[in-house]
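Structure first, then comments.
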Amino acid sequence: MASTAGYLARRTAQKERVRLLYRRALKDTLNWAVHRHLFYQDASDLRDKFEANRHVDNMDVIDRLIDDAEARYRNFQHPDPYIVPWAPGGTKFTRNPPPPQGIEIIYNYGKEDQ
């Protein structure tokens with residue numbers, strides 16, 4: 001029972017690592033592609049690379065393949081990735097921050113006494 005649980009835990013961890021790696025690589029592909037039609041081709045090539053090793057059963061070989069793919073991803077990451085302007089690190093992030101606590105904004109200026 002323990003070996004089955006260990007096998008399933010390791011297999012689940014491998015699937016999660018592959019899923020995260022594919023997602024990060026696909027998002028990074030958007031940084032390298034200038035036009036959408038180029039991205040579609042690059043995304044298709046990336047998917048083919050992942051699908052080529054889909055039916056590998058040996059756990060140690062799978063771990064080695066994942067480690068090699070992660071190293072290749074780190075090597076080919078875009079040096080200046082695109083960041084959505086309003087996301088943290090973007091050009092518009094906190095450009096218009098809310099006023100600090102304690103500052104009261106009066107919207108009916110000049111009509112307070114009525």
Side-chain angles (χ1 to χ4, degrees):
M1 185 68 158
S3 64
T4 303
Y7 172 80
L8 291 175
R10 185 174 175 192
R11 188 78 172 136
T12 303
Q14 287 175 340
K15 286 181 181 181
E16 184 69 11
R17 283 178 66 194
V18 169
R19 185 185 66 80
L20 291 174
L21 177 63
Y22 178 71
R23 184 175 173 155
R24 283 184 307 202
L26 192 60
K27 285 183 178 183
D28 196 55
T29 302
L30 273 170
N31 295 324
W32 288 103
V34 179
H35 300 288
R36 218 24 118 152
H37 68 278
L38 298 173
F39 166 73
Y40 291 141
Q41 182 60 43
D42 292 345
S44 178
D45 294 343
L46 179 67
R47 184 65 185 196
D48 291 340
K49 289 178 186 176
F50 274 81
E51 289 290 334
N53 297 314
R54 184 182 187 108
H55 301 293
V56 176
D57 292 333
N58 188 343
M59 302 288 272
D60 296 328
V61 172
I62 293 172
D63 282 334
R64 185 180 49 80
L65 287 171
I66 293 171
D67 291 338
D68 292 345
E70 286 175 342
R72 194 172 329 131
Y73 169 72
R74 281 190 300 273
N75 191 27
F76 291 112
Q77 265 185 310
H78 198 282
D80 187 22
Y82 176 76
I83 301 172
V84 179
W86 53 86
T91 57
K92 290 184 179 180
F93 186 67
T94 68
R95 181 170 289 177
N96 296 313
Q101 293 286 337
I103 294 180
E104 183 179 342
I105 299 175
I106 300 172
Y107 291 106
N108 57 349
Y109 183 75
K111 300 178 185 176
E112 298 92 1
D113 297 333
Q114 295 177 354

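- Note that CZ of Arg11 and CG of Asp57 are 7.0 Å apart. Values are rounded to the nearest 0.5 Å.
- Distance check, rounded to the nearest 0.5 Å: CG of Leu8 to CZ of Arg10 gives 12.5 Å.
- Judged purely by atom type and a 3.5 angstrom limit, Trp32 uses its side chain to pair as donor or acceptor with the backbone of Phe76.
- The two residues Val56 and Val61 come nearest to each other via the heavy atoms CG1-CG1, 3.7 Å.
- A chain of hydrophobic side-chain contacts below 4.5 Å, direct or via other Ile, Leu, Val, Met, Phe, Trp or Tyr residues, connects Leu46 to Leu30.
- In the hydrophobic cluster analysis, where Ile, Leu, Val, Met, Phe, Trp and Tyr join through side-chain heavy atoms closer than 4.5 angstrom, Leu65 is grouped apart from Met59.
- Atoms CD1 and CZ, on Ile62 and Arg54 in that order, are 12.0 Å from each other to the nearest 0.5 Å.
- Using modelled atom types, no side-chain atom of Gln77 and backbone atom of Asp28 make a donor-acceptor pair closer than 3.5 Å.
- In this structure the side chain of Phe39 reaches within 4.5 angstrom of the side chain of Leu26, judged on heavy atoms.
- Considering every non-hydrogen atom in both Leu21 and Ala69, the closest pair reads CD2-CB, 3.4 Å.
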With salt bridge (charged side-chain N to carboxylate O under 4.0 Å, His left out) as the test, would you mind laying out the steps for Arg64 and Asp68 before giving the verdict? CA-CA 6 Å; Arg64 185 180 49 80; Asp68 292 345; 3.7 Å; yes

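- A distance of 12.0 Å separates OG1 in Thr29 from CG in Leu38, rounded to the nearest 0.5 Å.
- No donor-acceptor distance shorter than 3.5 angstrom exists from the side chain of Ser44 to the backbone of Tyr40, with no hydrogens or angles considered.
- Put simply, the side chain of Arg47 reaches to within 4.5 Å of the side chain of Tyr22, judged on heavy atoms.
- Residues Val18 and Tyr73 fall within the same hydrophobic cluster, defined by Ile, Leu, Val, Met, Phe, Trp and Tyr side chains chained together at heavy-atom separations under 4.5 Å.
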Test Arg17 against Asp67 for side-chain contact (heavy atoms from CB on, under 4.5 Å), laying out the working first. CA-CA 10 Å; Arg17 283 178 66 194; Asp67 291 338; 2.6 Å; yes

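- For Gly90 against Ile83, the heavy-atom pair with the smallest separation is N-CG2, 3.7 Å.
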